[in-house]
Structures are given as structure tokens and as C-alpha cells.
Amino acid sequence: MGIDYQVHRASVDMSKAFRQFQKADNAFADDKQDSAVNHLSRGYDLFQTALDHLAKAEEDAYNKAGDLIAKGNNDLQKSIDEYNAGNDDSAAKHYADALDYYDQALDIID
């Protein structure tokens, strides 16, 4: 679904979890243990969902970085082919493009 979407969903779920913990605290203060336990349980479930979203964001990031590395490898091969064909200017352009893809990949996983 995308890195940003997953991180956003994780943030929303963590906010909801904290709200459940606040409700649990209020329920404990009002001597309503059953209600407090229910709120705590919901909060923990929401934190687990947030962790799942963060794991998916990490997976999406590595997949995106892998795609960028593959594009860089393709441009690097084009650069080698162009250099072997005597087209130095085209080879230099493909080489620069490959480095740009590698930089983008490193920015994602760094």
C-alpha cells in the first residue's frame, strides 16, 4: 500500500491505543475493573495493529529500494554496453542515472 500510508495508519492506531489506556485509567479510578480491563485489551490490540503496519512499511521500503537497485543495475549495464559501443556520452548518462537510482535506494533504507 505504500510506506507513508502504513506509517500513517500506525500513528492513528497508536493514538487510538493511548486513548484506550486513558479510558482504562479513568475506569480504574472509578473502581470499574472490568471496564478498565476491556479498555486495556483494546489498547494492546491497537498497538499490535500499529506494529503490523510498521512491519508492512518496512517491507514496502525494502521492496521499493530493491526496485530502485534493479533500475540502477539496468542503467549500469546500459552504460557498459554504450561504452563498449564507443558511445562515451551515452555511457556517462546511463552511469549517472544508475548512481541516482542507487542513491535513492540508500536514502530509503538508510
| Considering residues at least two apart in sequence or located in another chain, which fulfil the ring pair (Phe, Tyr, Trp, His ring centres under 6.0 Å) criterion with Tyr62? |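 Testing Tyr62 for ring pair (Phe, Tyr, Trp, His ring centres under 6.0 Å), a comparison that skips the adjacent residues, returns none.
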
| message | Test of understanding: with ring pair (Phe, Tyr, Trp, His ring centres under 6.0 Å), list the residues that count as partners of Tyr44, not counting sequence neighbours. | response |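 Applying ring pair (Phe, Tyr, Trp, His ring centres under 6.0 Å) to Tyr44 gives Phe21.
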
| Excluding sequence neighbours, so at least two apart, what forms side-chain contact (heavy atoms from CB on, under 4.5 Å) with Ser35? | Ala27, Lys32, His39

| field | All side-chain contact (heavy atoms from CB on, under 4.5 Å) counterparts of Asn73, not counting sequence neighbours | value | Ile69, Tyr102

| query | Could you go step by step and tell me if Leu46 and Gln20 meet the side-chain contact (heavy atoms from CB on, under 4.5 Å) rule? | reply | CA-CA 9 Å; Leu46 286 163; Gln20 289 298 317; 4.0 Å; yes

Go through the structure and list residues passing side chain to side chain donor-acceptor pair (under 3.5 Å) with [X], not counting sequence neighbours.
X     : answer
Asp31 : Gln33
Glu58 : none
Asp52 : Gln48
Asn63 : none

Surrounding [atom1] of [X] (heavy atoms of other residues, nucleotides or ligands, distance under 6.0 Å), is the total greater than 12?
X      : atom1 : result
Asp107 : CG    : yes
Asp89  : CG    : no
Asp88  : CG    : yes

| What pairs with Glu59 under salt bridge (Lys or Arg N to Asp or Glu O under 4.0 Å), at least two apart in sequence or on another chain? | Lys56

| query | In terms of hydrophobic clusters joined by side-chain contacts under 4.5 Å, are Leu40 and Phe47 together? | reply | yes

| message | So, taking the atom named CG in Leu68 and the one named CG in Asp103, what distance separates them when rounded to the nearest 0.5 Å? | response | 10.5 Å

| request: Look up atom CD1 in Ile80 and atom CG in Leu76, then write down how far apart they are to the nearest 0.5 Å. | output: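 It is 4.5 Å, given to the nearest 0.5 Å.
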
Show which side-chain atoms of residues 10-18 pair as donor or acceptor with protein atoms under 3.5 Å away, not counting sequence neighbours.
| from | atom 1 | to | atom 2 | distance (Å) |
| --- | --- | --- | --- | --- |
| Ser11 | OG | Val7 | O | 3.1 |
| Asp13 | OD2 | His53 | NE2 | 3.4 |
| Ser15 | OG | Ser11 | O | 3.1 |

| Can a donor-acceptor pair be found between the side chains of Arg19 and Gln22 at a distance below 3.5 Å? |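 A donor-acceptor contact under 3.5 Å links the two side chains.
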
| task | Could you give me the CA-CA distance, side-chain angles and deciding distance for Leu106 and Tyr101, then say whether side-chain contact (heavy atoms from CB on, under 4.5 Å) is met? | result | CA-CA 9 Å; Leu106 289 174; Tyr101 283 124; over 6 Å; no

What pairs of donor and acceptor atoms, side-chain ones from residues 90-98 against any protein atom, are under 3.5 angstrom apart with sequence neighbours left out?
| from | atom 1 | to | atom 2 | distance (Å) |
| --- | --- | --- | --- | --- |
| Ser90 | OG | Glu82 | OE1 | 3.3 |
| Lys93 | NZ | Asp97 | OD2 | 2.8 |
| His94 | ND1 | Asp75 | OD1 | 3.3 |

| Lys64/Ile3 under side-chain contact (heavy atoms from CB on, under 4.5 Å): CA gap, chis, key distance, verdict | CA-CA 9 Å; Lys64 186 174 180 179; Ile3 301 162; 4.2 Å; yes

| query | Which pair of non-hydrogen atoms, one from Ala65 and one from Ala105, has the smallest distance, and what is that distance? | reply | O-CB, 3.6 Å

